[in-house]
Amino acid sequence: MKTVHLMYAGKVSEITGKLKEDIKIDDECTVYDLLKKLTMRYTPGFKKEVFDPEKAETMPDVIILINGSIVRDFNKKLNDGDFVSILQAVSGG
Amino acid sequence: MPEWYGYTGRVLRVDLTKKEVKVEELRKDWARLYIGGAGIGARILWEELAPKTDPLSPKNILVVATGPFAGTPIPGSGNIFYTFKSPQTGAWAETRSGGSFGPKLKFAGFDFIIIKGKADKPVYLWVHDGTAEIKNAEHIWGKTVHETTDILLEEVGEPEASVACIGPAGEKLVKYAAIMNDYDRAAGRCGGGAVMGSKNLKAIVVSGEEEVHVADPDKFYEAVMEASDAMRNYFFQDSIGRLGTIGLVNGLNAAGALPTKNFATLHFPEADNISGETLAEKYLIKRRGCYACTINCGRYSWVPFGQFFAPPHEGPEYETADMMGAMTLTDNLEAIIRANYLCNNYGLDTISTGNTIAFAMELFERGIITEKDTGGLKLEWGNPEVLITLINQIAKREGFGDLLAEGTKRAAEKIGKGAEEFAVHVKGLEVPAHDPRGESRSFAIQYAVTPRGACHMHPNWAGAYDFIPLDNGLKPYGLPWPPPDKFAETGVNRGVAYRLLAIHGELAEMVGLCRFYLWGGEDYGLACMTPKRIATLYSTLTGFEISDVELMKAGERVWNLKRCFNVREGFTRKDDKLPKRLLEPVQTGPTKGQAVKNLEGLLDEAYEAFGWDKKTGIPTREKLEELGLKDVADELERQLGQLP
């Protein structure tokens with residue numbers, strides 16, 4: 001088992017009701033697997049506003065980062081201790 | 001038939017030493033080449049400001065500039081720009097503010113005010129209905145921004161007038177004093193407030209009912225409607241519109257991009273205590289917007305009672321929350337709101353103020369300064385009372401605040417003992433709350449080369465490209481797409497991309513648009529002011545036909561002219577550097593270990609893309625001539641010898 005550090009912001013944190021949590025995942029867990037897990041945990045808001053597992057797509061204004069880098073490949077395998085940030089797009093200002 | 005459309009066509013020239021005002025016609029050739037706003041502001045300074053002028057001497061020139069869009073219904077056009085030589089950096093300075101002052105200067109009859117000299121006693125400028133008077137301001141010298149605004153609005157007897165003024169910080173020549181307008185709107189950066197203070201100019205009040213004429217009303221209003229409709233899908237409406245810029249706190253913290261503890265790290269565990277969500281829940285009265293704005297990112301908030309009481313006022317912005325909060329490890333939002341209220345009233349830039357206080361706290365922690373230096377004040381991290389005390393001291397130049405009023409660069413030089421290592425500035429301008437290590441490596445280029453020093457918004461927000469990512473409608477001009485990983489440095493066309501972002505940003509400063517309107521993506525309906533939209537609006541408004549490609553060339557012309565201003569002042573590649581802190585690894589959080597590794601490589605690529613000589617960072621003669629700046633190249637050559 002591995003542990004990843006999840007951080008939420010904007011409308012995502014409103015759906016999860018929290019700003020951060022640690023989640024245990026299987027060794028083979030991918031970004032897609034994690035997002036699917038969250039979809040089930042935070043139903044129905046997560047699927048409606050953040051990630052649709054059937055299309056494997058995030059909503060246009062949602063950004064997912066692993067250790068600060070934007071993730072485009074949801075088949076990417078997660079590592080123990082990764083920071084996964086799921087947030088509503090932020091701008092300059 | 002009016003002679004000018006979009007522009008008033010008039011420039012107000014003020015000599016405070018001679019107590020003279022006169023009206024001149026705007027040069028049409030400059031309108032075509034530099035469009036307006038900070039673009040024409042740059043040309044005026046190039047023509048009229050002698051190199052090596054002391055920024056706080058009467059010889060410095062303050063240009064108050066509107067763009068042709070000001071005073072029209074174009075969304076995002078409620079802007080005012082100031083250009084001058086900065087007392088903070090000794091370099092090119094421009095500073096922008098929203099509110100209604102810009103449009104009202106147009107209604108008062110002027111596109112620009114050029115202010116020179118120094119009044120022998122405090123004065124203010126009353127600009128109305130195509131005329132201007134220099135009036136006595138001795139009775140308001142020493143007054144806060146809110147007090148000054150109230151008194152002057154009553155004195156001129158025009159409740160719809162707009163006041164831009166300085167507070168006590170500008171009078172005391174605090175190097176990062178702001179010019180405030182409409183009570184709480186700040187042209188904060190670069191020390192414009194100190195330049196006004198050095199001229200004994202307390203305020204500028206504008207009022208009038210002059211119409212902004214439109215060259216082709218049918219096509220113009222069609223273009224305005226098209227742009228307004230597009231902006232309905234604005235990508236950030238649900239974030240900065242709903243929560244204000246302070247809504248960025250939790251997002252950037254989650255991303256590992258929230259400057260914390262004088263940039264030692266980019267993650268603040270207590271961030272939510274100072275977030276837009278907490279502000280909305282506890283202290284927000286309502287949202288506020290500038291003239292002709294559809295986004296309405298402004299906040300109107302207060303702390304109704306208690307130690308950090310703050311009457312209703314605008315803010316705090318994201319920058320303020322981070323610089324006063326995470327940067328000093330203060331998670332008390334009431335103290336931050338109070339700090340914002342004080343800065344607005346004293347007329348202080350909250351970015352440089354917060355950054356400088358965080359710098360002082362780090363020096364105190366490290367023993368480089370002690371209670372002996374601070375007059376007995378313990379500069380402990382996270383102590384909200386220290387934060388408030390230092391703001392009061394800085395604005396009044398009292399006690400230890402007198403040194404901090406000089407900003408991090410000068411304070412570090414005076415303190416010595418290695419203090420410079422912890423001063424986080426570029427060219428003397430304190431780094432704001434966006435970090436190349438956490439947000440995008442494009443910021444490494446931006447902070448190093450931007451003519452006014454470290455700035456996250458001038459000429460553009462570099463994060464749009466690879467942090468979101470958004471193309472801003474720049475693909476037709478060669479924006480490399482898709483963007484690289486935001487942490488990738490050389491070999492990914494970052495210089496090519498940044499050149500286009502910078503030119504697009506210059507357009508906003510020339511026509512007079514808020515930078516927030518520049519960001520959108522082809523994938524999201526292009527809900528932004530693309531170069532094409534700006535060109536259509538400009539052509540139909542002014543009658544000066546210009547294509548988007550020609551407009552981009554004008555933007556590049558202005559970007560290079562500002563660079564040449566700095567070259568003439570002695571700035572070269574040696575000054576395009578980042579503070580040591582941004583080259584060190586982030587200590588904690590999602591971006592732990594990230595650092596800017598190859599700034600010199602990034603600069604090589606950027607200079608090549610810009611057409612600047614790699615060795616010196618000076619624009620080549622070939623580039624300047626391509627942009628129609630042969631006369632600028634000739635003058636530089638007279639001063640420097642042969643140009644690259």
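Below, read A as the first sequence line, B as the second, and so on, with proteins coming before strands; counting in each chain starts at 1. Side chains included, hydrogens not; waters and symmetry mates left out as well; all remaining heavy atoms used.
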(message) Taking every non-hydrogen pair under 4.5 Å, which of B:T245, B:L248, B:L266, B:I240 racks up the most with chain A?
(response) B:L248
(request) Answer whether the closest heavy-atom distance between the side chains of A:L19 and B:N250 falls below 4.5 Å. (result) yes
(message) Restricting to non-hydrogen atoms, name the atom on A:A9 and the atom on B:A254 that form the minimum distance, rounded to 0.1 Å.
(response) CB-CB, 4.2 Å
(request) Taking all non-hydrogen atoms of both residues into account, name the closest pair between A:Q88 and B:D238 and its distance. (result) NE2-OD2, 2.6 Å
(request) Considering only heavy atoms and a distance below 4.5 Å, find which of B:M457, B:E319, B:K486, B:E317 pairs most often with chain A. (result) B:K486
(request) Look up atom NZ in B:K592 and atom CZ in A:F83, then write down how far apart they are to the nearest 0.5 Å. (result) 8.5 Å
(message) Show the nearest heavy-atom pair for residues B:F235 and A:A89, with the distance to one decimal.
(response) CE2-CB, 3.4 Å
(message) Can you tell me if A:K11 has over 12 outside heavy atoms packed within less than 6.0 Å of its NZ?
(response) yes
(request) Evaluate the side-chain proximity of A:S91 to B:R515: yes if any heavy-atom separation is below 4.5 Å, no if none is. (result) no
(message) Counting only heavy atoms from other residues, nucleotides and ligands, does the tally under 6.0 Å from NZ of A:K20 exceed 12?
(response) no
(message) Checking the side chain of B:T591 only, and the main-chain atoms of A:G68 only, is there a donor and an acceptor separated by less than 3.5 Å?
(response) no
(request) Quick one: closest heavy-atom pair of B:P469 and A:R72, and the distance? (result) CG-NH2, 3.7 Å
(message) Does this structure show an ion pair linking B:R242 with A:E14, if we count only N-O contacts that are shorter than 4.0 Å?
(response) yes
(message) With a 4.5 angstrom heavy-atom cut-off, is it the side chain or the backbone of B:A464 that approaches chain A, or both, or neither?
(response) neither
(request) Considering only heavy atoms and a distance below 4.5 Å, find which of A:V12, A:V84, A:I86, A:L65 pairs most often with chain B. (result) A:L65
(message) Rounded to the nearest 0.5 Å, what separates atom CG in B:D466 from atom CD1 in A:I70?
(response) 7.0 Å
(request) Return the minimal non-hydrogen interatomic distance between B:E277 and A:S13, and the atom names on each side. (result) OE2-OG, 4.5 Å
(request) Identify which one of B:Y318, B:F236, B:F467 satisfies the side-chain contact (heavy atoms from CB on, under 4.5 Å) criterion when paired with A:V90. (result) B:F467
(request) Measure B:D523 against the heavy atoms of chain A and call it side chain, backbone, both or neither at under 4.5 Å. (result) neither
